[in-house]
Amino acid sequence: IEGDEAYRLESLALAVEKYTEGVDLLVEVLKETEDVFGEYIDTGIAALDSGDFEMAIEAYRILTRIRPEDKQLAAELERALNREQVLRLTSEAEVMERNGDINAALASFKQAANLDALWSPATDGVKRVNNRIARNRFQDEMSKGFSALAKNEFEVAQAAFVQAQK
């Protein structure tokens, strides 16, 4: 504003001086904004990694205000907003898994993983429970096959052994 006023009064040296001060101030503000941005990125990442969804939400809300067009930041904010539900679903699934209710555990792990595909406790849970289900099926089919062999039911045994291989 002072530079514009000096320019209108044809005080060009003063106008240049004021414009230069304005540019310097703008450069400083932009640098500080980038510093703040970097700090909030670090905070958001650490908060998501540790499960502190409230801190992550706060950090990503600030970041999306600084860069509203950034789709990655919007996705991270969505992850943070879902984190409470993801933590609850994952915790419930772990309890169900320990109690032997593996189908319900799988459903909860899958629901958590669908909300946040980057949350490894949920995705690891899906893999682990799927492996357990496959191992149980294999053992069941093998038992059926050996039981059928003991009864000389060779076709039933063969079908069970083939099924176990799938």
Side-chain angles (χ1 to χ4, degrees), residues 27-166:
V27 167
E28 187 176 321
V29 167
L30 289 174
K31 183 184 177 306
E32 288 177 17
T33 300
E34 285 303 311
D35 291 345
V36 167
F37 186 84
E39 289 172 19
Y40 277 100
I41 283 282
D42 293 343
T43 298
I45 290 169
L48 272 178
D49 288 346
S50 71
D52 185 351
F53 61 91
E54 290 174 352
M55 178 62 74
I57 289 169
E58 180 182 333
Y60 283 109
R61 280 193 172 144
I62 290 168
L63 290 166
T64 55
R65 286 185 189 120
I66 294 171
R67 292 192 185 158
E69 73 289 347
D70 192 319
K71 292 183 186 335
Q72 180 64 37
L73 291 176
E76 293 300 318
L77 175 57
E78 186 68 25
R79 285 185 70 213
L81 290 168
N82 289 335
R83 184 51 54 96
E84 183 176 21
Q85 186 177 5
V86 168
L87 291 172
R88 181 184 49 77
L89 287 165
T90 302
S91 178
E92 290 171 358
E94 289 168 346
V95 170
M96 290 179 227
E97 182 182 9
R98 278 193 301 275
N99 292 336
D101 191 356
I102 57 176
N103 290 324
L106 180 61
S108 287
F109 277 131
K110 281 183 176 180
Q111 194 175 359
N114 285 338
L115 288 171
D116 187 348
L118 300 176
W119 184 243
S120 62
T123 57
D124 291 347
V126 169
K127 291 174 194 169
R128 186 177 57 252
V129 172
N130 273 331
N131 287 338
R132 184 173 172 186
I133 289 170
R135 192 172 50 251
N136 289 350
R137 281 190 194 134
F138 174 80
Q139 290 172 347
D140 288 347
E141 292 300 325
M142 292 299 288
S143 292
K144 286 179 190 174
F146 286 121
S147 177
L149 275 178
K151 297 175 189 173
N152 291 326
E153 296 173 349
F154 300 115
E155 288 179 18
V156 173
Q158 182 181 11
F161 291 140
V162 167
Q163 190 63 33
Q165 292 177 337
K166 292 183 181 180

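Both backbone and side-chain heavy atoms feed into the values below; hydrogens, waters and symmetry mates do not. Here the structure is a predicted model, which is why all the values come from computation and not from measurement.
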Do [X] and [Y] have side chains that get closer than 4.5 Å, going by heavy atoms?
X: Val95; Y: Asp101; value: no
X: Leu48; Y: Tyr60; value: yes
X: Trp119; Y: Leu89; value: no
X: Ile57; Y: Leu81; value: yes

**Prompt:** Taking only residues two or more places apart in sequence or in another chain, which ones pass ring pair (Phe, Tyr, Trp, His ring centres under 6.0 Å) with Phe37?
**Reply:** none

Measure the spacing between [atom1] of [X] and [atom2] of [Y] and express it to the nearest 0.5 Å.
X: Arg137; Y: Lys166; atom1: CZ; atom2: NZ; answer: 12.5 Å
X: Arg83; Y: Met55; atom1: CZ; atom2: CE; answer: 14.5 Å
X: Leu106; Y: Met96; atom1: CG; atom2: CE; answer: 11.0 Å
X: Ile102; Y: Arg132; atom1: CD1; atom2: CZ; answer: 5.0 Å
X: Gln72; Y: Leu63; atom1: CD; atom2: CG; answer: 11.5 Å
X: Leu73; Y: Ile62; atom1: CG; atom2: CD1; answer: 12.0 Å

**Request:** Would you indicate whether Glu155, at its atom CD, is surrounded by more than 12 heavy atoms from other residues, nucleotides or ligands within a distance under 6.0 Å?
**Result:**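 Count not over threshold, so no.
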
Taking all non-hydrogen atoms of both residues, which atom of [X] and which atom of [Y] are closest, and how far apart?
X: Ala157; Y: Ala148; value: N-CB, 3.6 Å
X: Ala74; Y: Thr64; value: N-CG2, 4.0 Å
X: Ala117; Y: Thr123; value: O-CG2, 3.3 Å

**Request:** Take Arg79 and Glu76 through the test salt bridge (charged side-chain N to carboxylate O under 4.0 Å, His left out) and record every step on the way to the result.
**Result:** CA-CA 5 Å; Arg79 285 185 70 213; Glu76 293 300 318; 3.1 Å; yes

Name every donor-acceptor pair, under 3.5 Å, that has one atom in a side chain of residues 139-146 and the other anywhere in the protein, sequence neighbours excluded.
unit_1 : atom_1 : unit_2 : atom_2 : d
Glu141 : OE2    : Lys144 : NZ     : 3.4
Ser143 : OG     : Gln139 : O      : 3.0

**Item:** Partner residues of Arg88 under the salt bridge (Lys or Arg N to Asp or Glu O under 4.0 Å) criterion, sequence neighbours left out
**Value:** Glu92

